[in-house]
S.K.: 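Pasting a structure here, questions to come.
Owing to the predicted nature of the structure, the values given are computational and were not obtained by experimental measurement.
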Amino acid sequence: MFVLTNKKGYVIIIDINIRWNIYAYLAYLIGFRPKQERRQYQDREGEYLCYIMNKLMNTIFGKNNKKSAAQKQTVEVNSKKLLGSDLSFAASEAYKRLRTNLVFSFAGETGCRVIGVTSSLRGEGKSTTSVNLAYSLATMNKSTLLIDADMRLSNTHKLLELNLAPGLSNLLVGVNDGTGLIVPSKLHRNLMVMTAGDTPPNPMELLSSKRMVMTLESLRAKFDYIIIDLPPIDAVADALIVSKLVDGMVLVIRENYVDKHTLDNCIEQLRFHNANILGFVMNCAEVENKYYRKNYYRYGNNSSVGNTAISND
């Protein structure tokens, strides 16, 4: 028998025989399982015992959700530091280099440039990259519009703390005539945003509709740059459809996250649809250049370009 005291001062008495009660409960569960599954439960008996004991101790010692709430708040604060002017020096310089490369990709061309941003898998940081790329372009005194075209799992409105609807989907289905859809980003006066809108049952059909083509043509006359946040290619074909409507595509790749086969398949699909691949953004990459760290560390607090854009998009 153990006598324990939790943080609130309550005395808890635990009978060591509870272990056998847990064994009995496991035996009860196993008994109602098909024969082919019983062996699996018996082999993992120790794992299930530890799991139940952990749950029991959490309940006894009154672990509540206060820590979880604090952790969530920390994650939200950290995500805000990955956007706009809150970026570290190294991360900001990385996005400026990306901006410069894109500008030179369209050297000699006039008019609005529409750029799609996508990735192979969800979670590679495409939405954060889209926001920061749009912000970087806006700082050049260029009128920039960020469109969230990931209508299945939209994330841009969360990053920028905006309302999800009305947005792109409401415009494409004809529910909204465009009034109030383009809103300030709160990051820069030259950066405007169109959120994804209400989740439709047919995002692919909406993105391939004539109304989508007409919408982009109308917006081209109002902005210098349009950045479109698109769904991952491995999940759905939405990005492949929109790739025909944009001037170029940027592929975000998270280091040590996506495998070579998936990435190769993603590139093949883009090429099959005759997409203009402008380049790749290596996300969460570590910089090992000691010369860079030695000579440029004094300009900022962080000398690593890695961890510049992490999000669950």
Side-chain angles (χ1 to χ4, degrees), residues 75-87 92 95 98-99 102 111-118 125-200 202-203 206-207 209 211-231 238-239 242 245-247 250 252 309 311-313:
V75 171
E76 292 176 357
V77 171
N78 291 336
S79 64
K80 293 179 182 178
K81 293 181 179 179
L82 297 174
L83 300 175
S85 59
D86 292 329
L87 285 170
S92 178
Y95 281 111
L98 172 61
R99 177 191 67 190
L102 289 177
C112 176
R113 300 291 92 188
V114 182
I115 302 170
V117 181
T118 185
K126 64 176 184 61
S127 294
T128 311
T129 301
S130 299
V131 172
N132 285 322
L133 173 58
Y135 171 80
S136 184
L137 290 169
T139 58
M140 295 176 57
N141 200 27
K142 298 293 184 179
S143 58
T144 307
L145 173 64
L146 173 62
I147 300 177
D148 187 356
D150 191 350
M151 293 181 281
R152 304 171 192 269
L153 291 172
S154 55
N155 190 49
T156 302
H157 70 286
K158 298 178 182 178
L159 293 174
L160 298 177
E161 298 180 347
L162 300 173
N163 294 326
L164 174 61
L168 178 62
S169 63
N170 304 96
L171 176 63
L172 296 180
V173 298
V175 177
N176 190 294
D177 59 356
T179 305
L181 295 185
I182 299 178
V183 297
S185 65
K186 303 177 183 179
L187 293 180
H188 197 278
R189 65 180 184 277
N190 293 328
L191 178 57
M192 307 297 288
V193 181
M194 180 186 293
T195 58
D198 296 310
T199 304
N202 56 342
L206 294 180
L207 293 174
S209 64
R211 189 181 291 268
M212 180 64 179
V213 178
M214 296 172 59
T215 298
L216 287 180
E217 289 180 354
S218 175
L219 293 174
R220 281 178 182 269
K222 302 177 181 179
F223 295 92
D224 296 318
Y225 287 95
I226 298 176
I227 305 299
I228 306 180
D229 181 11
L230 297 166
D238 298 13
V242 179
L245 308 178
V246 302
D247 299 310
V250 173
V252 179
S311 71
N312 295 323
D313 48 352

S.K.: So among Thr195, Val131, Thr128, which one has a side chain to side chain contact (heavy atoms under 4.5 Å, CB included) with Thr156?
M.R.: Val131
S.K.: Might you point out which heavy atoms bring Pro203 and Asp238 nearest each other, and give the distance in Å?
M.R.: CB-OD2, 3.8 Å
S.K.: Kindly give the heavy-atom pair with the smallest separation between Ala165 and Asp198, and that separation in Å.
M.R.: CB-OD1, 3.3 Å
S.K.: Could you measure the distance from the CG atom of Leu168 to the CG atom of Asp229? Nearest 0.5 Å is fine.
M.R.: 11.5 Å
S.K.: Look at the side chain of Ser185 and the backbone N and O of Leu191, then say whether any donor-acceptor pair between them is shorter than 3.5 Å.
M.R.: yes
S.K.: For Lys186 versus Glu161, what's the shortest heavy-atom pair and its separation?
M.R.: NZ-O, 3.2 Å
S.K.: Compare every heavy atom of Leu83 with every heavy atom of Leu159, then report the nearest pair and how far apart it is.
M.R.: O-CD1, 3.4 Å
S.K.: Kindly indicate whether the side chain of Val242, heavy atoms from C-beta on, has any atom under 4.5 Å from the side chain of Val246.
M.R.: yes
S.K.: Just verifying a value: how many Å separate Arg99 CZ and Lys142 NZ, rounded to the nearest 0.5 Å?
M.R.: 11.0 Å
S.K.: For Thr118 and Pro231, indicate whether the former's side chain and the latter's backbone hold a donor-acceptor pair under 3.5 Å.
M.R.: yes
S.K.: Hey, mind stepping through Leu98 and Leu133 against side-chain contact (heavy atoms from CB on, under 4.5 Å) and telling me if it holds?
M.R.: CA-CA 8 Å; Leu98 172 61; Leu133 173 58; 4.0 Å; yes
S.K.: Just by modelled atom types, is the Leu230 backbone N or O under 3.5 Å from a matching donor or acceptor in the Lys126 side chain?
M.R.: yes
S.K.: Side chains of Ile228 and Val114: closer than 4.5 Å at any heavy-atom pair?
M.R.: yes
S.K.: Working to the nearest 0.5 Å, report the span between CG of Leu172 and CG of Leu207.
M.R.: 6.5 Å
S.K.: Looking only at non-hydrogen atoms, find the nearest pair between Ser169 and Met151 and report the distance.
M.R.: CB-SD, 3.4 Å
S.K.: When rounded to the nearest 0.5 angstrom, what is the spacing between CD1 in Ile147 and CD1 in Ile115?
M.R.: 12.0 Å
S.K.: In Å and rounded to the nearest 0.5 Å, what is the CG to CE distance from Leu162 to Met194?
M.R.: 12.5 Å
S.K.: Is there a donor-acceptor pair closer than 3.5 Å between any side-chain N or O of Ser218 and the backbone N or O of Met214?
M.R.: no
S.K.: For the pair Lys222 (side chain) and Leu145 (backbone), establish whether a donor and an acceptor sit closer than 3.5 Å, ignoring hydrogens and angles.
M.R.: no
S.K.: Please examine the side chains of Phe223 and Leu137, heavy atoms only from C-beta on, and report whether any two atoms are closer than 4.5 Å.
M.R.: no
S.K.: What's the separation between atom CG in Leu146 and atom OG in Ser130, rounded to the nearest 0.5 Å?
M.R.: 6.5 Å
S.K.: Evaluate the criterion side-chain contact (heavy atoms from CB on, under 4.5 Å) for residue pair Asn155 and Asp150; output intermediate values, then yes/no.
M.R.: CA-CA 8 Å; Asn155 190 49; Asp150 191 350; over 6 Å; no
S.K.: Would you call Arg220 and Asp247 a salt bridge, taking side-chain N to carboxylate O under 4.0 Å as the test?
M.R.: yes
S.K.: Just by distance, do the side chain of Asn190 and the backbone of Ala138 share a donor-acceptor pair under 3.5 Å?
M.R.: yes
S.K.: Under a 3.5 Å distance rule, please check whether Ser136 uses its side chain to pair with a backbone N or O of Asn132 as donor and acceptor.
M.R.: no
S.K.: For Ser209 and Leu206, indicate whether the former's side chain and the latter's backbone hold a donor-acceptor pair under 3.5 Å.
M.R.: yes
S.K.: With Asp224, which residues qualify under salt bridge (Lys or Arg N to Asp or Glu O under 4.0 Å), at least two apart?
M.R.: none
